[in-house]
Amino acid sequence: MLDSTFFTPTLHSRASRHIALRARGHFSGACVIYKGGTRQLVVFESRCELVTSYRWSTRPDVVDLIDQYPLDPYVDDDGSEHRHVLDFLAIMDDGRRIGLSVKPEGSAHRRDFRRTLQLILAQNADHLDELRLVTEKSFTRAEAENAELIHFVGSEIDDEADRLVADVIASLAGTTTIESIVNATGLEGRAFRAVIRMVGRRVCFQVDEGRLRYPSLVRRNAA
């Protein structure tokens, strides 16, 4: 059954600058991500930033995700000094530090923002291994919705469902539907949510495209 016997306090955002959480006509706010048994508040200033927090915080190879991370000043091609704050800094399980800068595709193109990121990375090599631009074109609508689903069910603790579903997935020799895995456990909705957690943990992966639903096709990750 779902474990609700304990409460883990939510840690404050580590953002280096203030975010206006209530701004008319502006999509901003805060959400809670779950890493290593901790609940961490992160802030966002766009729908794309929110989705990015879901997509990266649910990756099993990401051990930490820090919001609004400050970098050293950089000098542009004209010799002017600027400051840049990363929307997110992802700390990977192999020690790599990946910066994520989230911008609308049109704005990034008009301002030649990719060149700016090249300069920032070159002048912050001591702090970053990679610096990636994330726009609304970096993921599909279905990928965004799946990331949100994985995020929310990932906060649940249901060891029994996870164990039974993992056993069924381990026995798979090919592709099957999520519904077939659910039926094999007899746990109905609990099993469905457990399959979603297994997708998030990369125990199995989605074969077809679109939103994760009962008819979705999945396969055991043999790696």
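In this text, all values refer to a predicted model and were calculated from it rather than measured experimentally.
Nearest heavy-atom pair across V218 and V207 is C-CG2, 3.9 Å. In plain terms, the two heavy atoms of A191 and T185 that are nearest each other are CB-OG1, 3.1 Å. When all heavy atoms of A194 and V165 are compared, the closest pair comes out as CB-CG2, 3.6 Å. Nearest heavy atom pair, residue T177 against residue P215, reads CG2-O, 3.7 Å.
Within 6.0 Å of atom CZ in R141, 12 or fewer heavy atoms from other residues, nucleotides or ligands are found, so the atom counts as exposed in its surroundings. Within a 6.0 Å sphere centred on CZ of R17, other residues, nucleotides and ligands contribute more than 12 heavy atoms. Around NE2 of H109, the count of heavy atoms belonging to other residues, nucleotides or ligands within 6.0 Å does not exceed 12.
R115 is listed as a side-chain neighbour of D77, based on a closest heavy-atom distance under 4.5 Å. Counting only heavy atoms from C-beta outward, the side chains of Q68 and V43 approach each other to under 4.5 Å. A 4.5 Å side-chain heavy-atom check between R55 and F139 finds at least one atom pair inside the cut-off. Side-chain contact between I169 and I181: present, with at least one pair of heavy atoms (C-beta onward) separated by less than 4.5 Å. Inter-residue side-chain proximity for V42 and S13 is flagged as unmet; no heavy-atom pair is nearer than 4.5 Å. Residues V85 and L71 are not in side-chain contact: their nearest non-hydrogen atoms beyond the backbone lie 4.5 Å or more apart. Between N221 and C204 the shortest side-chain heavy-atom distance does not fall below 4.5 Å. The side-chain heavy atoms of L133 and K103, taken from C-beta on, include a pair separated by under 4.5 Å.
A distance of 10.5 Å separates NE2 in H127 from CG in L86, rounded to the nearest 0.5 Å. The distance from the CD1 atom of I66 to the CG atom of L100 is 11.5 Å, given to the nearest 0.5 Å. With rounding to the nearest 0.5 angstrom, the CZ atom of R220 is 14.5 Å from the CE atom of M198. Taken from CG in N146 to OG in S216, the straight-line distance is 7.5 Å, to the nearest 0.5 Å. Once rounded to the nearest 0.5 Å, the distance linking CZ of R193 with CG of L187 reads 10.0 Å. One distance of note links OG1 of T175 with CZ of F205; it measures 7.0 Å at 0.5 Å rounding.
Under a hydrophobic-cluster definition in which Ile, Leu, Val, Met, Phe, Trp and Tyr are linked whenever side-chain heavy atoms come within less than 4.5 Å, directly or via other members, I33 and Y69 are assigned to different clusters. L89 and I120 fall within the same hydrophobic cluster, defined by Ile, Leu, Val, Met, Phe, Trp and Tyr side-chain heavy atoms under 4.5 Å apart, directly or through other members. Placement of L172 and L212 within a single hydrophobic cluster is found when ILVMFWY residues are connected by side-chain heavy-atom separations under 4.5 Å, directly or transitively. Under a hydrophobic clustering in which Ile, Leu, Val, Met, Phe, Trp and Tyr are joined whenever their side-chain heavy atoms come within less than 4.5 Å, directly or via other members, V199 and V168 fall into the same cluster. Residues L50 and V32 fall into different hydrophobic clusters, defined by Ile, Leu, Val, Met, Phe, Trp and Tyr side chains chained together at heavy-atom separations under 4.5 Å.
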Item checked: Audit row: I98, D129, side-chain contact (heavy atoms from CB on, under 4.5 Å) steps and yes/no -> CA-CA 6 Å; I98 301 178; D129 296 290; 5.6 Å; no

Note to self: Quick one, C31 with S53, criterion side-chain contact (heavy atoms from CB on, under 4.5 Å). Give me CA distance, side-chain angles, the key distance, then yes/no.
What the structure shows: CA-CA 9 Å; C31 70; S53 74; 3.7 Å; yes

Item checked: From CA spacing to verdict: side-chain contact (heavy atoms from CB on, under 4.5 Å), S80, V75 -> CA-CA 5 Å; S80 300; V75 178; over 6 Å; no

Checklist line | Step-by-step side-chain contact (heavy atoms from CB on, under 4.5 Å) determination, V63 to M92 | finding: CA-CA 6 Å; V63 298; M92 313 302 290; over 6 Å; no

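With salt bridges taken as basic N to acidic carboxylate O contacts below 4.0 Å, none links D61 and R201. The residues D64 and R14 are annotated as salt-bridged, a charged nitrogen and a carboxylate oxygen being separated by less than 4.0 angstrom. Comment: R132 engages E130 in a salt bridge, judged by a side-chain N to carboxylate O separation of less than 4.0 angstrom. Checked for salt-bridge contact, E145 and R211 meet the test: a charged N lies under 4.0 Å from a carboxylate O. For D158 and R190, the salt-bridge test passes: some basic side-chain N is under 4.0 Å from an acidic carboxylate O. We find that R114 and E105 are joined by a salt bridge, their nearest charged nitrogen and carboxylate oxygen being less than 4.0 Å apart. Under the 4.0 Å criterion applied to side-chain N and carboxylate O atoms, E136 and R47 are not assigned as salt-bridge partners.
Looking at D208 and Q206, their side chains do bring a donor and an acceptor atom within 3.5 Å of each other.
With F44 as the fixed residue, the ring-ring contact (aromatic ring centres under 6.0 Å, His included) test singles out one of Y54, F27, F88, W56: F27. Of the candidates L119, L121, D126, L119 is the only one forming a side-chain contact (heavy atoms from CB on, under 4.5 Å) with Q123. Checked options L65, I91, V62, T58; the residue passing with K35 is V62 (criterion: side-chain contact (heavy atoms from CB on, under 4.5 Å)).
The main-chain N or O of P104 is never found under 3.5 Å from a side-chain atom of S107 such that the two would form a donor-acceptor pair. In terms of modelled atom types and a separation under 3.5 Å, the side chain of D87 and the main chain of S101 share no donor-acceptor contact. Looking at R197, its side chain never comes within 3.5 Å of a backbone N or O of G154 through a donor-acceptor pair.
The aromatic ring centres of Y34 and H151 sit less than 6.0 Å apart.
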